[in-house]
Amino acid sequence: MASSDRVRVRFAPSPTGHLHIGGLRTALYNYLFARKHGGDFLLRIEDTDQSRYVETAEDDIMDALQWTGLTYDEGPDVGGEHAPYRQSKRADLYRSYAEKLVEAGAAYYAFDTEEDLAALRDEGVTYDLHTRHQMRNSITMSDDQVQDRLDAGADYVIRLKVPERETVRFEDEIRGAVSFDSDEIDDQVLLKSDGLPTYHLANIVDDHLMEISHVIRGEEWLSSTPKHVLMYEALGWTPPTFAHLPLIMSPNGGKLSKRDANTLGIPVYVTDYQEEGYEPEGLVNYLALLGWNPGTEEELFALDDMVEAFSLERVGASGVQFDLDKLRWVNEHYVRALSVEALVDRVRPYVEDAGYSASDDRLHEICELVQERVQVVPEIVTDNRYFFEDPDEYEEAGVEKRWKDASADLLSTYADRLESVEEEDFDADTVETELRNLADEEDVGAGAIIHPARLAVSGRSYGPGVFGLLATVGKQACIRRMRRAVETLG
RNA sequence: GCCGCGUUCGUCUAGCCUGGUCCAGGACGCCGGCUUUUCACGCCGGUAACACGGGUUCAAAUCCCGUACGCGGUACCA
């Protein structure tokens, strides 16, 4: 038995699909809290809803945690003292506690049909202490009738028997004192007719048995917490400390949904961030800041430093809007921190996916040039296609502003000069010298050639330093593109 | 509808518990300048908020009450 004051927290996702970004943040805060206090962080799979179960989801969750570096001490794949860590494997356990609650007078059997329940719902009322007397259950039926039904193998559920006129109070680490009037709490189903528990039962049984000290979860659970408290009390258990995290919302308001992924370009699943080339450290760093702050003006944290700085007291209570710009800003710092070699490895798959090819040396050159100019790795490709193929059009505003009457002649002459440069001498210094010499001879500013050259070679008016750009694009391509621009733009 | 939770710049937030140091600080974004005879990076500067109404107090972003608004819950889903 671990000592009761040891910090033990869990991330308890339901395997219903890809791990949501909000789920990852919940996992992160649990992880930070556990590590900060030298405690344990466990992963528990809450697969008690067979109809929503998705085969691949469990792996997806574990992959996401691994990708982001949120290592857990106990879980379905790593085992632990309290195994199994999949609720579907613990079904008998929950049933026995449900029966214990019935014996304690805190729960009861119910035999209502779908129709009965639908009728109740149609009246706009819930199954609770006001309506339970008109339903078919062990409160309204005689013991013999109940026993007969059970013996006959009839379908039944076990419901929580919420006490009357009680105020259920608990202390939330983030919100302070929270209280609910028991008259407002419904008689939650604890054990379903398929024999599996609902979240509410499974959650408190496991949290108790697994010696969880702090339940850190999303705010959507706040309203069910009084039910949980009632169960802890009925079983004579000490409830864990609760902390309900603010929800992550869409910039439009409301929950961050799949729809936002499309309309606002905000990915909602962890796998999406992975595919879109975000740095896991950057994502985690940003997520930590979404609802928590260190109390200093620091914003960029490695995971270990976050652990050091983390505390639940500094987690806000209000909902937070996801800000993609800020994530990108955080991410860019992690892109810059990469060695050029690492960046080459990171970007290669995106280069290949785009159907381009480039040697390591060439990619190295490109990365050096653009590392400080991208926020997310794939932008090295998507924002700089001219490294891989000739531009097929010229940015209109750039042409407007930079392509002058004399541009064609100057660029044409510049191309001529570059023709005579040996392939192996075609580096940034040489193309710069050639350009500046020409500018002097023609008595024009260097910009009179720089701008048209950039436009011709990259199709755009902005990008990395133009001489490095020309050198990296290469002699033949530069000349070809310059001649073509002279032709096209006149 | 009912219940719960929340409300400081467009956004993330500091400050609120322990009222005065806050005509409210930082960051992202945006705008401008410097730098670069190019683009960016960088640096400098600017923009912009205490939801509203009462109350308590010599004094309120900070305490109390109410209203509005937002979010969550209201399933044999989690």
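Keep in mind it's a predicted model, so treat the numbers as computed, not measured. Naming convention: chains lettered A, B, ... in sequence-line order (proteins, then strands); numbering from 1 in each chain.
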Consider the side chain of [X], meaning its heavy atoms from C-beta on, and name the nucleotide among [options] that approaches it most closely.
{"X": "A:Arg159", "options": "B:A14, B:U74, B:C76", "answer": "B:C76"}
{"X": "A:Glu297", "options": "B:G25, B:A78, B:U37", "answer": "B:G25"}
{"X": "A:Gln321", "options": "B:A27, B:C12, B:U38", "answer": "B:C12"}
{"X": "A:Lys255", "options": "B:C5, B:U37, B:G73", "answer": "B:G73"}
{"X": "A:Asp49", "options": "B:C77, B:C3, B:U13", "answer": "B:C77"}
{"X": "A:Tyr199", "options": "B:C76, B:A78, B:A14", "answer": "B:A78"}
{"X": "A:Val157", "options": "B:C76, B:C12, B:C39", "answer": "B:C76"}
{"X": "A:His200", "options": "B:U74, B:A78, B:C39", "answer": "B:A78"}
{"X": "A:Lys326", "options": "B:A27, B:U38, B:A78", "answer": "B:A27"}
{"X": "A:Glu184", "options": "B:G10, B:G29, B:C2", "answer": "B:C2"}

Sticking with atom [atom1], work out how far [N] lies from [M], rounded to a whole angstrom.
{"N": "B:G15", "M": "B:A78", "atom1": "P", "answer": "38 Å"}
{"N": "B:U18", "M": "B:U62", "atom1": "C1'", "answer": "11 Å"}
{"N": "B:G54", "M": "B:U74", "atom1": "C1'", "answer": "33 Å"}
{"N": "B:C16", "M": "B:C23", "atom1": "P", "answer": "15 Å"}
{"N": "B:C76", "M": "B:C71", "atom1": "P", "answer": "25 Å"}
{"N": "B:U38", "M": "B:A27", "atom1": "C1'", "answer": "30 Å"}
{"N": "B:G66", "M": "B:C5", "atom1": "P", "answer": "13 Å"}
{"N": "B:U47", "M": "B:A24", "atom1": "C1'", "answer": "16 Å"}

Which residues satisfy the side chain to side chain donor-acceptor pair (under 3.5 Å) test with A:His130, sequence neighbours excluded?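 A:His130: no side chain to side chain donor-acceptor pair (under 3.5 Å) contacts found.
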Indicate whether the side chain of [X] and that of [Y] have a donor and an acceptor atom separated by less than 3.5 Å.
{"X": "A:Tyr269", "Y": "A:Asp60", "answer": "no"}
{"X": "A:Arg217", "Y": "A:His244", "answer": "yes"}
{"X": "A:Asn285", "Y": "A:Tyr334", "answer": "yes"}
{"X": "A:Asn203", "Y": "A:Arg10", "answer": "yes"}
{"X": "A:Thr430", "Y": "A:Asp427", "answer": "yes"}
{"X": "A:Asp116", "Y": "A:Thr113", "answer": "yes"}
{"X": "A:Tyr386", "Y": "A:Asn384", "answer": "yes"}

Nearest-Å distance for atom pair [atom1]/[atom2], residues [X] and [N]:
{"X": "A:Lys227", "N": "B:A78", "atom1": "NZ", "atom2": "C1'", "value": "12 Å"}
{"X": "A:Trp221", "N": "B:C77", "atom1": "CH2", "atom2": "P", "value": "11 Å"}
{"X": "A:Leu160", "N": "B:C76", "atom1": "CG", "atom2": "P", "value": "13 Å"}
{"X": "A:Leu290", "N": "B:C12", "atom1": "CG", "atom2": "C1'", "value": "7 Å"}
{"X": "A:Glu171", "N": "B:C17", "atom1": "CD", "atom2": "P", "value": "17 Å"}
{"X": "A:Asp47", "N": "B:C76", "atom1": "CG", "atom2": "P", "value": "20 Å"}
{"X": "A:Leu410", "N": "B:U37", "atom1": "CG", "atom2": "P", "value": "19 Å"}
{"X": "A:Asp325", "N": "B:G10", "atom1": "CG", "atom2": "C1'", "value": "11 Å"}

Base, sugar-phosphate, or nothing for [X], non-hydrogen atoms under 4.0 angstrom?
{"X": "A:Leu117", "value": "base"}
{"X": "A:Asp112", "value": "base"}
{"X": "A:Arg314", "value": "sugar-phosphate"}
{"X": "A:Gly291", "value": "sugar-phosphate"}
{"X": "A:Val320", "value": "sugar-phosphate"}
{"X": "A:Ser51", "value": "nothing"}
{"X": "A:Thr296", "value": "nothing"}
{"X": "A:Thr16", "value": "nothing"}
{"X": "A:Phe180", "value": "sugar-phosphate"}
{"X": "A:Ser318", "value": "sugar-phosphate"}
{"X": "A:Ser193", "value": "base"}

Determine which nucleotide pairs with [N], using a 3.5 Å limit on both distances of a Watson-Crick or G-U wobble pair.
{"N": "B:A78", "answer": "none"}
{"N": "B:C22", "answer": "none"}
{"N": "B:A14", "answer": "none"}
{"N": "B:G72", "answer": "B:C3"}
{"N": "B:U56", "answer": "none"}
{"N": "B:C9", "answer": "none"}
{"N": "B:C30", "answer": "B:G46"}

Find which nucleotide of RNA chain B each of A:His333 and A:Gly447 is nearest to by heavy atoms, and output the residue with the more 5' nucleotide.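 Nearer the 5' end of the strand: A:Gly447.
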Nearest-nucleotide wise, let me know which of A:Glu432 and A:Asp186 is further upstream toward the 5' end of RNA chain B.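 This one resolves to A:Glu432.
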Just to confirm, is there a sub-4.0 Å distance from OP1 or OP2 of [N] to any side-chain nitrogen or oxygen of [X]?
{"X": "A:Thr198", "N": "B:A78", "result": "no"}
{"X": "A:Lys192", "N": "B:A78", "result": "yes"}
{"X": "A:Arg402", "N": "B:C39", "result": "yes"}
{"X": "A:Arg175", "N": "B:G6", "result": "no"}
{"X": "A:Arg460", "N": "B:A40", "result": "no"}
{"X": "A:Arg336", "N": "B:G42", "result": "yes"}

Electrostatic pair A:Arg86-A:Glu58, nearest N-O below 4.0 angstrom: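 Looking at A:Arg86 and A:Glu58, the cut-off is met.
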NZ/NE/NH1/NH2 to OD/OE distance under 4.0 Å, A:Asp181 and A:Arg165: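 Salt bridge absent between A:Asp181 and A:Arg165.
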